Amino acid sequence: AQTVTQSQPEMSVQEAETVTLSCTYDTSESNYYLFWYKQPPSRQMILVIRQEAYKQQNATENRFSVNFQKAAKSFSLKISDSQLGDTAMYFCAYTGTASKLTFGTGTRLQVTL
Amino acid sequence: EADIYQTPRYLVIGTGKKITLECSQTMGHDKMYWYQQDPGMELHLIHYSYGVNSTEKGDLSSESTVSRIRTEHFPLTLESARPSHTSQYLCASTPGGSHYEQYFGPGTRLTVT
C-alpha cells in the first residue's frame, strides 16, 4: 500500500518570504502522479501543482514549485513570495494506477505580516 | 471554482436519524469520490465510483452507503447516525485517468448529537 508522510503539522512564514513544505511517500509502482492540494479556511480544496513521476523536470506554477527527488521518494513544495492568501492547509497526495488519491496528514501554513 | 456541489453545507442531527448527503457535479465526470475529513484535517477515502451503477468501498471502513444511478449524482447515506459519524465529508470528481486532478466540493460538516 502507498503511504504519504508530511512531517510538518504547522508552519509559519512572513509575507514575501519563501517557505518549503516537506512530503515523502512510499510506493512500489513505477508510474504515478504526485499532487499538492490547498484547502483555505472554510473553502474548497484546490489543486496547486502536479508532478508526473516519469518526468525528471520539476513542475512549476507561478510562485509554486516542487523539488521532486524520485530515488529518495521526496516531493517538497516551495512557495516563493508568500502572500496572505496562501494561508491554508496543504496536502501532499499520491495516485497510481488505481486513480485513487492517498493524502498526507497535511501542513497548516500561516502567512503573517 | 469547480462545478461540484454538496448539500447541506452544515447539518446537526440527533442520534439514530437517517441522513443523506448530496453531491452533484455538472462536468460529466465518470469518477466520483467521498472522503471523510477528521477534525485534525486528515482525509480518508470512504467510497468511490467509476461510473453509473459502479460503487466501491474506500480505504477507511464506513457505515455509510452510496449509490450512482446518474453520472452527475453521488449521494451518501447514513441509515442511523451516531456521534462517531461527526466529521466533515468531502465529495470529489475527476474526468478520467490518474493524471487528472480531482475537483472537490465545499464539503458537508455533519454533527451528530
Side-chain angles (χ1 to χ4, degrees), chain A residues 1-11 21 23 25 27 29-55 59 61 64 66 87-110, chain B residues 1-10 23-25 27 29-51 54-62 66 87-109:
Chain A
Q2 293 78 29
T3 59
V4 177
T5 302
Q6 294 180 249
S7 58
Q8 306 153 314
E10 293 185 359
M11 294 195 70
L21 309 184
C23 174
Y25 61 94
T27 183
E29 295 180 307
S30 56
N31 293 325
Y32 54 89
Y33 299 85
L34 297 163
F35 304 83
W36 279 98
Y37 281 87
K38 168 185 177 180
Q39 188 177 34
S42 301
R43 293 185 63 188
Q44 284 170 253
M45 184 101 72
I46 57 172
L47 178 70
V48 175
I49 199 165
R50 158 185 29 220
Q51 174 78 42
E52 295 91 336
Y54 62 86
K55 286 190 177 179
E61 286 287 342
F64 299 87
V66 299
T87 292
M89 281 291 290
Y90 287 82
F91 292 94
C92 179
Y94 167 103
T95 187
T97 55
S99 296
K100 294 188 293 178
L101 280 173
T102 298
F103 285 91
T105 51
T107 296
R108 187 181 303 275
L109 177 66
Q110 181 70 48
Chain B
E1 295 187 344
D3 296 325
I4 180 164
Y5 310 98
Q6 290 185 244
T7 56
R9 292 290 310 276
Y10 302 91
C23 175
S24 295
Q25 49 95 4
M27 299 173 283
H29 291 172
D30 284 328
K31 297 182 178 180
M32 295 189 74
Y33 307 82
W34 275 104
Y35 295 89
Q36 184 172 337
Q37 188 168 28
D38 299 339
M41 303 295 279
E42 191 169 355
L43 286 128
H44 300 283
L45 179 68
I46 52 175
H47 298 283
Y48 61 99
S49 167
Y50 286 172
S54 154
T55 60
E56 301 287 345
K57 290 190 179 295
D59 304 321
L60 179 69
S61 176
S62 174
V66 293
S87 190
Q88 172 150 262
Y89 293 85
L90 296 180
C91 181
S93 72
T94 187
S98 301
H99 59 290
Y100 287 103
E101 70 178 279
Q102 290 189 12
Y103 296 87
F104 285 81
T108 294
R109 186 169 298 280

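Just so it is clear, the structure is predicted and the values come from calculations on it, not from any experiment. Note on naming: letters A, B, ... go to the chains in the order of the sequence lines (proteins, then strands), and numbering restarts at 1 for each one.
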Colleague: Which atoms of A:Gln6 are under 4.5 Å from chain B, going by heavy atoms: the side chain, the backbone, both sets, or neither?
Modeller: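 The answer is neither part of A:Gln6.
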Colleague: Could you state the interatomic distance from NZ (A:Lys100) to CD (B:Gln102), rounded to the nearest 0.5 Å?
Modeller: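 The CD atom of B:Gln102 is 11.0 Å from NZ of A:Lys100, to the nearest 0.5 Å.
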Colleague: Could you give the distance from CG (B:Asp59) to OG1 (A:Thr102), rounded to the nearest 0.5 Å?
Modeller: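 Answer for the CG-OG1 pair, B:Asp59 versus A:Thr102, is 6.0 Å.
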Colleague: Roughly how far, to the nearest 0.5 Å, is OH of B:Tyr103 from CE of A:Met45?
Modeller: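 Atom-to-atom, A:Met45:CE and B:Tyr103:OH are 14.5 Å apart.
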Colleague: Partners of A:Thr27 by side chain to side chain contact (heavy atoms under 4.5 Å, CB included), sequence neighbours excluded?
Modeller: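 Listed in chain order: A:Gln2, A:Tyr25, A:Glu29, A:Tyr32, A:Lys73, A:Tyr94.
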Colleague: Who pairs with A:Glu52 by side chain to side chain contact (heavy atoms under 4.5 Å, CB included), at least two apart in sequence or on another chain?
Modeller: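 Listed in chain order: A:Tyr33, A:Tyr54, A:Lys55.
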Colleague: How long is the straight-line distance from CD of B:Glu101 back to OG1 of A:Thr95, given to the nearest 0.5 Å?
Modeller: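 The CD atom of B:Glu101 is 12.5 Å from OG1 of A:Thr95, to the nearest 0.5 Å.
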Colleague: Check whether any side-chain heavy atom of A:Phe103 sits under 4.5 Å from a side-chain heavy atom of B:Leu45, and report yes or no.
Modeller: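 No, side chains not in contact.
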Colleague: Once you round to the nearest 0.5 Å, how far does CZ of B:Phe104 lie from OH of A:Tyr37?
Modeller: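 Taking CZ in B:Phe104 and OH in A:Tyr37, the distance rounds to 5.5 Å.
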Colleague: Counting only N and O atoms by type, is there a donor-acceptor contact under 3.5 Å from the side chain of B:Glu42 to the main-chain atoms of A:Thr105?
Modeller: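 No; judged by distance alone, with no hydrogens or angles, the pair does not exist.
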Colleague: Near B:Arg109 CZ, under 6.0 Å, is it more than 12 heavy atoms from other residues, nucleotides or ligands?
Modeller: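 No.
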